[in-house]
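Okay, structure first, notes after.
For clarity, every value in this text was computed on a predicted model and none was experimentally measured.
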2 protein chains.
Amino acid sequence: MALEHAILVSLLEKPGSGYELARRFERSIGYFWTATHQQIYRVLKRMEGDGWVTVREIPQQGRPDKKEYSVPALGQAALSRWLHEPIEPESVRHDLAVKIRGAAFDDPAALIREVERHHQVHTDRLAHYLVGERRDFTGPEAPVTPDDVGRELQHVVLRGGIAYERMTLAWLDDVLATLHRLRAER
Amino acid sequence: MALEHAILVSLLEKPGSGYELARRFERSIGYFWTATHQQIYRVLKRMEGDGWVTVREIPQQGRPDKKEYSVPALGQAALSRWLHEPIEPESVRHDLAVKIRGAAFDDPAALIREVERHHQVHTDRLAHYLVGERRDFTGPEAPVTPDDVGRELQHVVLRGGIAYERMTLAWLDDVLATLHRLRAER
DNA sequence: CTTGTCTATGCAACAAGTTGCATAGAAAGA
DNA sequence: TCTTTCTATGCAACTTGTTGCATAGACAAG
């Protein structure tokens, strides 16, 4: 499982509670790794048992106490081990592609709205990435310190997200053009 | 679950056995939807129970009998229903992105080989797609018949795969350049 | 004053996906 | 001849991931 490792990375970048992790998985990290809060709480429990994370209870006034997790040496070692293992290039699960091929046995034109909806979602994601990029990665390049290494690596991952959204939008345009053409020719 | 629907699409395109489906899921369909043979057999059993597919036993000499599945009206109706439901834009699981961000807490240069390996895999996939495209989708465009609709839709999905691989390769080049730069600056 | 949202954690049940193993004959290669 | 690969199907056990629900105080909107 790589959820454990995604959590380790996120906690190394910044310690936080399960709840905070869940929100990060809806934003930055969630764009290339998704997880629900139930999953995160369960895995955190196991990781705590394995000594990969340590907890610090933080009492709060007016809201439930939170458990702030951070990563001790044992957890960082576990991450290192994983980093040195080869992994399989990702396997995709692309519902929309299945639908498009399936539309041959139904009405292809009926898919236009669905594709437009996806187009909108990806447009929004791209805009969101670009805002984040302008906010976090502009300005003069400072000399390389350990922190800048992390910043550079976060930036290259973000550039990947941007490239992915742009490619997807161009492809969805292609899909829409194809669906419109098929409808016109029918 | 969408595996059922991916199977319906594949069987509508061409009836076949569980074994044949498993192989298709390693090739064309598998590039946007993966499944192992155990999963396929199990789901086919359930779909048979639901009347979404029908079986025809085909005795063979010299090798085990095979069960050829095809899709009756009930299955096609199930597919239609799914096609008219909205779906969530896919959630990605991109191990490599997690590794890249994680490398900030280890040695980024150690990731170079892994990234190169992924680059090679995606280069091969792209080449494979391009061969398939030349084989199946070149030549003069025939007038639009129902079969051509399917062909057009398969082509636009394949173009999506090609665009994805090209984008990924460009991004991996960016990642490699970044990792080399960080190593040089260290 | 009631409804809804936010913070914060968690259990239980279920669905989906993975891994390991088993069978078994045919054909091809070492 | 022996081993491997291919065709063809399947069970059992396990790991992951999803869905529904529960608790509970604070705060904001209607």
Side-chain angles (χ1 to χ4, degrees), chain A residues 1-7 11 15-27 29-30 32-50 53 55-69 82 85 87-88 90-95 98, chain B residues 1-8 11 15-27 29-30 32-50 52-53 55-69 82 85 87-88 90-95 98:
Chain A
M1 198 197 9
L3 175 55
E4 284 156 336
H5 302 108
I7 287 175
L11 289 178
S17 67
Y19 185 81
E20 280 161 355
L21 279 172
R23 291 207 308 166
R24 289 183 211 170
F25 274 82
E26 282 168 12
R27 295 155 200 265
I29 313 176
F32 49 88
W33 202 274
T34 51
T36 59
H37 71 107
Q38 293 87 341
Q39 234 189 112
I40 290 165
Y41 283 124
R42 201 203 286 156
V43 171
L44 276 174
K45 275 272 157 69
R46 185 172 63 226
M47 291 170 77
E48 199 191 329
D50 293 341
V53 293
V55 201
R56 194 166 60 99
E57 295 251 354
I58 298 180
Q60 297 183 119
Q61 62 277 49
R63 52 187 58 176
D65 294 356
K66 78 175 176 185
K67 300 180 178 175
E68 196 185 66
Y69 289 89
W82 178 68
E85 276 168 23
I87 46 165
E88 288 298 300
E90 30 19 289
S91 51
V92 191
R93 292 273 157 104
H94 211 308
D95 298 74
V98 178
Chain B
M1 199 195 11
L3 175 55
E4 284 155 336
H5 302 108
I7 288 176
L8 286 175
L11 289 178
S17 67
Y19 185 81
E20 280 162 354
L21 279 172
R23 292 206 307 166
R24 289 184 210 170
F25 274 82
E26 281 168 13
R27 295 156 200 266
I29 314 177
F32 49 88
W33 202 274
T34 51
T36 59
H37 71 109
Q38 293 87 340
Q39 232 190 115
I40 290 165
Y41 283 124
R42 201 200 287 153
V43 171
L44 275 174
K45 274 272 157 70
R46 186 172 61 226
M47 290 170 78
E48 198 191 330
D50 293 341
W52 289 19
V53 293
V55 200
R56 196 166 58 99
E57 294 251 354
I58 298 180
Q60 297 183 122
Q61 62 276 52
R63 53 186 57 175
D65 294 355
K66 76 175 177 186
K67 299 180 178 176
E68 196 186 67
Y69 290 90
W82 179 67
E85 275 169 23
I87 46 165
E88 289 298 301
E90 28 23 287
S91 50
V92 192
R93 292 274 157 104
H94 211 309
D95 298 74
V98 178

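- Scanning residues 35-43 of chain A for heavy-atom distances under 4.0 Å to DNA chain C yields His37(A), Gln38(A), Tyr41(A), Arg42(A).
- Closest to the side chain of Lys66(A), out of dG10(D), dT18(D), dA8(C), is dA8(C).
- Annotation: side-chain contact (heavy atoms from CB on, under 4.5 Å) contacts of His37(A) (sequence neighbours excluded): Ala22(A), Tyr41(A).
- Rounded to whole angstrom, the span from the CG atom of Leu44(A) across to the P atom of dT16(D) amounts to 15 Å.
- Minimum atom distance to the side chain of Leu3(A) is reached by dG17(D), of the listed dG10(D), dG17(D), dT7(D).
- Computed from coordinates, the Arg93(B) CZ to dA16(C) P distance equals 15 Å when rounded to whole Å.
- Residue Arg23(A) places at least one side-chain N or O closer than 4.0 Å to OP1 or OP2 of dT7(C).
- Taking each heavy atom of Leu11(A) and Arg24(A) in turn, the nearest pair found is N-NH1, 4.2 Å.
- Remark: P of dA16(C) and CD of Glu4(B) are 7 Å apart, rounded to the nearest angstrom.
- Scored by the salt bridge (Lys or Arg N to Asp or Glu O under 4.0 Å) test, Glu26(A) finds no partners at all (sequence neighbours excluded).
- Residue His5(A) contributes atom NE2, which lies 11 Å from atom P of dT16(D) at whole-angstrom precision.
- Rounded to whole angstrom, the span from the CD atom of Glu68(A) across to the C1' atom of dT7(C) amounts to 15 Å.
- Here the straight-line distance linking atom CG of Leu21(A) with atom CD1 of Ile40(A) works out to 6.0 Å at 0.5 Å rounding.
- When the ring-ring contact (aromatic ring centres under 6.0 Å, His included) test is applied to Trp33(B), no partner is found at least two apart in sequence or on another chain.
- Put simply, CZ on Phe25(B) is 13 Å from C1' on dG17(C), counting in whole angstrom units.
- Lys45(B) has a side-chain polar atom (N or O) that falls below the 4.0 Å cut-off from OP1 or OP2 of dG10(D).
- Here Arg23(A) pairs with nothing under the salt bridge (Lys or Arg N to Asp or Glu O under 4.0 Å) rule; sequence neighbours left out.
- Judged as a side-chain contact (heavy atoms from CB on, under 4.5 Å), and not counting sequence neighbours, Glu88(B) has no contacts.
- Residues satisfying the salt bridge (Lys or Arg N to Asp or Glu O under 4.0 Å) test with Arg56(A), not counting sequence neighbours, are Glu68(A).
- Here dG10(C) presents its P atom at 15 Å from CZ of Arg46(A), a figure rounded to the nearest Å.
- Rounding to whole angstrom units, CG of residue Asp50(A) and P of dT15(D) are separated by 13 Å.
- Here Tyr19(A) reaches the OP1 or OP2 of dT7(C): one of its side-chain N or O atoms lies under 4.0 Å away.
- Taking the side-chain contact (heavy atoms from CB on, under 4.5 Å) definition, one finds that Gln38(A) meets it with Thr36(A), sequence neighbours left out.
- Between its opening and closing five pairs, the helix from dC1(C)-dG30(D) to dA30(C)-dT1(D) changes axis direction by 30°, a value rounded to 10 degrees.
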